[in-house]
Amino acid sequence: VGEVVLVVEGEDPGAVLLAAAFRRHGWQVRLLDLRFGRPTLDGVDEPPTVWIDGRPTRPDAVVNRTATSRLGLAAGSALARQLPATWSARHLAAREEQGLLLACFDLWERTSRVYNPVRTLDRRLLRPAVEAELRAAKLPIGPPREAAGRDGICWIVDGTVVSAATRPGVGKRWSTARLSPETTETVRQVAEIADMRLGQIDLWQPRADPAGTIVTGWRPIPWFRSFWEQTGTDVAALVVAAIVGGPPAAAPSFLAADLEPNLLDHRNLVRRRRT
Amino acid sequence: VTPTVGILGRATDPHAAAVARRVVDRGAEAVMIDTALPSFARWRWTDGQLHDHEGEPVRLDAVYVRSVAAPVPRHATPEVTGPALTRWIGEAERRRRTQVHARTVHAGLEAAGTFVVNSVDSTWFHRSKPAADLRLRAAGIATPRCMVTDDPAAVRRFVATVGETVRKPIAGGGACVEVDPEALSDDDLAGLVSAPTLFQERIRGDDLRIYLVDGEIVAAAHIRTTALDYRGHEDDVVAIEPDAELVDLCRRVARTLGLVFTGIDVKRASDGRLTVLDTNPSPMFLGIEHRTDQPIGDRLAARLVAAGAGGSRG
């Protein structure tokens with residue numbers, strides 16, 4: 001049985017979907033919600049151990065969905081959750097907490113698989129520098145053009161695209177899609193240069209030139225729920241299957257057979273009531 | 001062509017200013033990129049080229065990254081609640097973005113092949129001393145056993161295991177203080193709920209401070225003190241000739257953490273055992289230089305100018 005640590009710092013439906021998928025694979029899920037507690041880093045023995053809620057953990061995988069950064073002051077989200085009432089004490093508390101989290105993530109990078117390391121989040125913040133690297137590698141990166149086209153999105157785990165979706169425009173519904181081999185290769189290279197093991201890559205495809213797909217952004221903390229609701233594809237389950245290394249574990253049947261259609265399309269429910 | 005060396009930091013910082021002066025003394029040009037000035041926000045990367053706040057392209061052959069620190073926003077009153085808290089957090093986020101901007105310049109220079117002291121990947125350790133310690137330990141280098149926690153029970157467990165214990169801030173900046181083994185109740189440690197703290201086993205011995213530039217020791221000093229934390233309590237600072245074991249240790253530390261320029265604090269126990277206490281990615285050096293007459297800043301400036309002139313990376 002594997003063990004995964006999910007590190008979150010707020011209401012996070014994406015983390016909930018990941019946790020559910022890990023549980024369906026029989027993995028033990030340890031949740032570290034920084035709003036309610038911090039880890040303890042025990043460096044008495046080698047290798048050191050991280051404790052969560054008073055129990056040691058040796059995770060096979062760690063999912064980092066926090067704004068922890070090596071680049072500067074702690075994020076506003078970290079300042080907001082600190083207990084002291086003075087600005088100076090809050091700042092110090094957030095700074096010390098960040099130092100603890102950096103040490104934990106750095107340790108986990110040596111002893112576990114981290115999705116994603118703090119370094120990856122930092123490279124997202126260093127976007128102009130990373131975009132320059134992407135351009136130097138001749139990868140199509142830039143903002144969506146004004147010409148007619150459609151948005152695309154895909155999720156990648158360890159260099160493999162696990163799902164993709166497209167929508168005809170802002171505010172329109174997402175539907176599942178298949179990426180061309182060329183776009184798949186572009187996405188793989190972007191993830192490699194962005195140092196992103198797990199993430200979401202945003203795409204834009206001009207209608208006049210379907211081969212001219214460009215990358216418009218990347219997110220090391222991917223979103224899942226709205227795509228699941230709109231496309232019926234549980235992307236979080238596909239992501240977890242890729243991490244665990246097996247086929248997606250089946251969702252509970254009552255969810256698929258009963259609840260899911262209602263969640264997917266409220267009109268179905270209305271139609272059934274009418275008939 | 002006269003090499004141009006950039007100094008990323010604050011013009012008011014004596015260490016940044018000293019390196020700039022010594023770069024100029026060597027016939028090179030020094031460009032101070034003052035991250036504290038509001039105009040710094042207008043420095044940009046465009047088409048793979050760094051541009052200053054007036055939009056002029058800037059060519060740098062080597063860069064010394066002294067600091068990208070932004071001061072924490074203060075508030076008119078010590079307490080922040082309600083709308084004032086929201087405003088304060090917003091201002092802190094703006095300061096954070098300034099720091100990230102400085103790191104973007106830093107990372108861009110590095111990606112462009114400029115000789116940078118030190119790299120983005122090796123300058124973050126000062127934000128987490130335990131991260132550096134545990135990396136060194138994983139590489140087989142002795143560092144103190146530690147516990148980083150806000151849990152009083154964990155502190156009691158640690159003290160019972162290691163004996164003499166000290167505590168210090170995780171991200172540095174504060175003094176190292178002895179932990180009283182008789183004051184470990186939940187009430188005694190109630191302050192931990194505010195912020196986690198780094199607890200370390202106390203290592204007794206001589207305080208040594210070693211400076212390296214590009215793997216070469218440029219200064220070594222024995223700091224004589226009776227205090228637990230020598231900073232501000234130096235009775236005497238004496239230059240020493242490091243032995244082969246100390247040289248090898250310090251080179252391994254710098255290599256493990258990827259540091260071109262560093263100041264390393266080492267404890268030498270009475271039986272000769274060496275333990276690394278701290279590794280600084282941007283160490284202050286003027287005090288040690290002055291008291292021991294060892295040319296730390298000169299050697300750093302020389303390395304920057306040489307790299308700039310040769311177009312080589314370290």
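Below, chains carry the letters A, B, ... as their sequence lines are ordered, and counting in each starts from 1.
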Run the salt bridge (Lys or Arg N to Asp or Glu O under 4.0 Å) check on Arg38(A) and Asp151(B) step by step: do they pass? CA-CA 9 Å; Arg38(A) 304 183 181 108; Asp151(B) 176 6; over 6 Å; no

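For the options Leu71(A), Val50(A), Asp122(A), Leu107(A), heavy-atom pairs under 4.5 Å to chain B are most numerous at Leu71(A). Between chain B and the residues Ala89(A), Ala93(A), Ser69(A), Ala132(A), the most heavy-atom pairs under 4.5 angstrom are made by Ala93(A). Among Val120(B), Leu134(B), Asp133(B), the residue with the largest count of heavy-atom pairs under 4.5 Å with chain A is Leu134(B). Counting heavy-atom pairs under 4.5 Å between each of His106(B), Arg96(B), Arg145(B) and chain A puts Arg96(B) at the top. Between chain A and the residues Ala138(B), Gly108(B), Ala154(B), the most heavy-atom pairs under 4.5 angstrom are made by Ala138(B). With respect to chain A, the highest number of heavy-atom pairs below 4.5 Å among Val193(B), Val162(B), Thr81(B), Val105(B) belongs to Val193(B). With respect to chain B, the highest number of heavy-atom pairs below 4.5 Å among Ala85(A), Ala129(A), Ala136(A) belongs to Ala85(A). Comparing Pro47(A), Cys104(A), Gly99(A) by how many heavy-atom pairs each has under 4.5 Å with chain B, the most go to Gly99(A).
Inter-residue side-chain proximity for Glu96(A) and Thr197(B) is flagged as unmet; no heavy-atom pair is nearer than 4.5 Å.
Proximity to chain A (any heavy atom under 4.5 Å) is shown, for Arg97(B), by neither the backbone nor the side chain. At a 4.5 Å heavy-atom cutoff, Phe199(B) makes no contact with chain A through either its backbone or its side chain. Only the side chain of Glu93(B) comes within contact range of chain A, with heavy atoms under 4.5 Å apart. For Leu50(B), no part lies near chain A; criterion is any non-hydrogen pair under 4.5 Å. Interface remark: Thr77(B) contributes backbone atoms only to the contact with chain A (heavy atom separation under 4.5 Å).
Rounded to the nearest 0.5 angstrom, Thr40(A) OG1 and Met147(B) CE are separated by 7.0 Å. Within the model, atoms NE2 of His126(B) and CZ of Arg70(A) stand 12.0 Å from one another, a figure rounded to the nearest 0.5 Å.
Looking at every heavy atom in both residues, Asp42(A) comes nearest to Arg157(B) through OD2-NH2, 4.2 Å. For the residue pair Asp106(A) and Ala131(B), the shortest heavy atom distance occurs at OD2-O, 3.9 Å.
At least one test fails for Arg87(B) against the ring of Trp87(A): distance under 6.0 Å to the centre or angle within 45° of the axis.
Listed in order of number, the residues of residues 74-84 of chain A that approach chain B to under 4.5 Å between heavy atoms are Ala74(A), Ala75(A), Gly76(A), Leu79(A), Ala80(A), Gln82(A), Leu83(A), Pro84(A).
Taking the charged nitrogens against the carboxylate oxygens, Arg119(A) and Asp121(B) have no contact shorter than 4.0 Å, which rules out a salt bridge.
Of the possible polar contacts, none joining the Arg95(A) side chain to the Arg127(B) backbone as a donor-acceptor pair under 3.5 Å is found.
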